[in-house]
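Atoms within a ligand are numbered from 1 in the order they appear, just like the ligands themselves. Predicted model only: the values in this text are computed from it and were never measured.
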Amino acid sequence: MNNKTIWITGASSGIGKSLALKFAQEGWKVAISARRENLLNEISKSNENIIAFPLDVTDNEKCKSIFSQVKEKLGEVDISVFCTGIHDPKSEKTLNLEKVRKIMEVNFFGTVNSINAVYEYYKNKKSGQISIVSSVAGYRGLPAAGAYCASKSALSSFAESLYFDLKRSNVRVSLVSPGFIKTPMTDQNDFPMPMIKSPQFAAEQMFKGLTKSKGFEIHFPKSFTTIMKVLKVLPNGLYFKILEKGMKRIKD
Ligand SMILES: NC(=O)c1ccc[n+]([C@@H]2O[C@H](COP(=O)([O-])OP(=O)(O)OC[C@H]3O[C@@H](n4cnc5c(N)ncnc54)[C@H](OP(=O)(O)O)[C@@H]3O)[C@@H](O)[C@H]2O)c1
């Protein structure tokens, strides 16, 4: 047991849950949030270092009051990791305004609500870290994922901007860009997902990136994210050609 503490949102399943378990195993006190209270309680019961704080991140005021409760219970909070996210691959096959708004509301504004809840705390504390879970899907527009890509691209830009702001107060801002990880979110996908990894792999990579490095971006698996980084800097014409060819191969 060390006396370090972390708050993780989106921790009822997938990457956030594995990350909570990893930090708890390493002796950290872990506050976990998401909407499904029953799942949070099960996780909390499985490890005495984990405490559940149910939260819907689309409720700005609730984000603030839950963070106050987390501080009350845990004292100082060294790291806050915002890992909530939704993806609706079926709705992305066509333009659905309502779904686009919903995805932006949770992925972008939900995360900004969470950042808003901790912003002054870290600014005054002049130490600690805010980590934002985005995606390599934020690098460029991908086929049939417009709303998801836009939400993640917005988050990545927001995180870059926040980096400059909080650096002046000695607060680290980090951005997490995973490739494909097997979770309930990706279980909805009906296409091959190259180099997909387990949530435990994601948690190991994130634990290392959050606690042992000082860089801005934590991305994994490197074999996949390197390809995505090359695609990111290609001229538009070449990028569209490569993706169209890849999609044709998947359909054939
Ligand atoms: N899996 C991948 O391949 C992959 C790749 C790149 C990035 N990511 C990102 O990684 C993060 C975690 O995704 P995952 O793959 O682990 O999917 P997941 O298992 O579906 O986890 C999503 C988490 O977000 C929570 N959540 C959703 N809406 C919420 C809301 N309004 N308020 C509070 N919590 C909410 C969910 O809990 P409740 O439903 O209980 O609220 C759940 O804990 C997401 O931001 C995702 O975009 C995933």
Exercise. Does one side chain, of Glu105 or Thr58, offer a donor that lies under 3.5 Å from an acceptor on the other?
Worked result: no
Seminar exercise, completed: Going by the 4.0 angstrom heavy-atom rule, the piece of Ala11 near ligand 1 is backbone
Exercise. Do any heavy atoms of Ser134 fall under 4.0 Å from ligand 1?
Worked result: yes
Problem set entry | For atom 32 (N) of ligand 1, the protein heavy atom that lies nearest, with its residue and separation | Val57 N, 2.9 Å
Problem set entry | For atom 8 (N) of ligand 1, closest protein heavy-atom neighbour | Tyr148 OH, 3.6 Å
Exercise. In the protein, what heavy atom is nearest to atom 5 (C) of ligand 1, and what distance, to one decimal place, separates them?
Worked result: Gly179 O, 3.1 Å
Seminar exercise, completed: Among Ser13, Ser12, Ser18, the residue with a heavy atom nearest to atom 21 (O) of ligand 1 is Ser13
For this session: With atom 27 (C) of ligand 1 as the reference point, say which of Arg36, Lys17, Arg35, Lys152 has the nearest heavy atom.
Result: Arg35
Exercise. Pick from Lys71, Lys4, Lys125: which one makes a side-chain hydrogen bond (donor to acceptor under 3.5 Å, both in side chains) with Glu76?
Worked result: Lys125
Exercise. Would you say ligand 1 has an N or O under 3.5 Å from any N or O of Pro178?
Worked result: no
Exercise. In a check of side chain to side chain contact (heavy atoms under 4.5 Å, CB included) between Ser131 and each of Leu210, Val173, Ile6, which one passes?
Worked result: Leu210
For this session: Ignoring hydrogens, just give me the one of Val136, Ile181, Val133 whose non-hydrogen atom is nearest atom 10 (O) of ligand 1.
Result: Val133
Exercise. Does a donor on one side chain and an acceptor on the other come within less than 3.5 Å for Ser156 and Ser134?
Worked result: yes
Exercise. To the nearest 0.1 Å, how far is atom 25 (C) of ligand 1 from its closest protein heavy atom, and which atom is that?
Worked result: Gly10 CA, 3.7 Å
Exercise. Are any of the side-chain nitrogens in Lys64 or Glu61 under 4.0 Å away from the carboxylate oxygens of its partner?
Worked result: yes
For this session: Select one of side chain, backbone, both or neither to describe which atoms of Asp56 lie under 4.0 Å from any atom of ligand 1, heavy atoms only.
Result: both
Exercise. If you measure from each heavy atom of Thr186 to ligand 1, is any distance below 4.0 Å?
Worked result: yes
Seminar exercise, completed: The protein heavy atom nearest to atom 13 (O) of ligand 1 is Met185 CE, 3.9 Å
Exercise. Heavy atom of Ala137 under 4.0 Å from ligand 1?
Worked result: no
For this session: Would you mind checking which non-hydrogen protein atom is closest to atom 35 (C) of ligand 1, with the distance to 0.1 Å?
Result: Thr84 CG2, 3.5 Å
Problem set entry | Salt bridge flag under 4.0 Å for residues Glu204 and Lys197 | no
Exercise. Between Glu26 and Lys22, is the closest basic N to carboxylate O distance under 4.0 Å?
Worked result: yes
Exercise. What's the spacing between Tyr119 OH and Asn124 CG if we round to 0.5 Å?
Worked result: 10.0 Å
Problem set entry | Atoms of ligand 1, numbered as shown, that sit under 4.0 Å from any heavy atom of Val106 | 28 (N)
For this session: Give the single entry among Cys63, Gly14, Pro54, Gly85 that approaches atom 22 (C) of ligand 1 most closely by any heavy atom.
Result: Gly85
Exercise. Which ligand 1 atoms does Ile15 reach within 4.0 Å, using its non-hydrogen atoms?
Worked result: 10 (O), 16 (O), 48 (C)
Exercise. So which of Ile8, Thr111, Leu55 actually passes side chain to side chain contact (heavy atoms under 4.5 Å, CB included) with Thr84?
Worked result: Thr111
For this session: Could you tell me whether the side chain of Ser174 reaches within less than 4.5 Å of the side chain of Gln129, counting heavy atoms only?
Result: yes
Exercise. Is the closest N or O pair between Gly16 and ligand 1 shorter than 3.5 Å?
Worked result: no
Exercise. In terms of atom number and element, which parts of ligand 1 are under 4.0 angstrom from non-hydrogen atoms of Pro184?
Worked result: 19 (O)
Seminar exercise, completed: Note: ligand 1 atoms sitting under 4.0 Å from heavy atoms of Phe180 are 3 (O)
Seminar exercise, completed: Here the atoms of ligand 1 under 4.0 Å from any heavy atom belonging to Ala34 are 33 (C), 34 (N), 37 (O), 38 (P), 40 (O), 41 (O), 43 (O)
For this session: Quick one: look at Leu55 and ligand 1, take heavy-atom pairs under 4.0 Å, and tell me if it's side chain, backbone, both or neither.
Result: backbone
Exercise. For the residue pair Phe23 and Trp28, does the interplanar ring angle fall in the parallel (under 30°), tilted (30 to 60°) or perpendicular (over 60°) class?
Worked result: perpendicular
Problem set entry | Flag for Ser127-Asn170: side-chain donor and acceptor within less than 3.5 Å | no
Problem set entry | Polar side chain donor-acceptor pair, Tyr122 to Ser80, under 3.5 angstrom | yes
Exercise. Does atom CZ of Phe108 have more than 12 heavy-atom neighbours, drawn from other residues, nucleotides or ligands, at distances under 6.0 Å?
Worked result: yes
Exercise. Should we say atom OH of Tyr121 is surrounded by more than 12 heavy atoms from elsewhere, each under 6.0 Å from it?
Worked result: yes
For this session: Take every heavy atom of Cys83, measure it against each atom of ligand 1, and state whether any distance is under 4.0 Å.
Result: yes
Exercise. What residue and heavy atom of the protein are closest to atom 14 (P) of ligand 1, and at what distance?
Worked result: Thr183 OG1, 3.5 Å
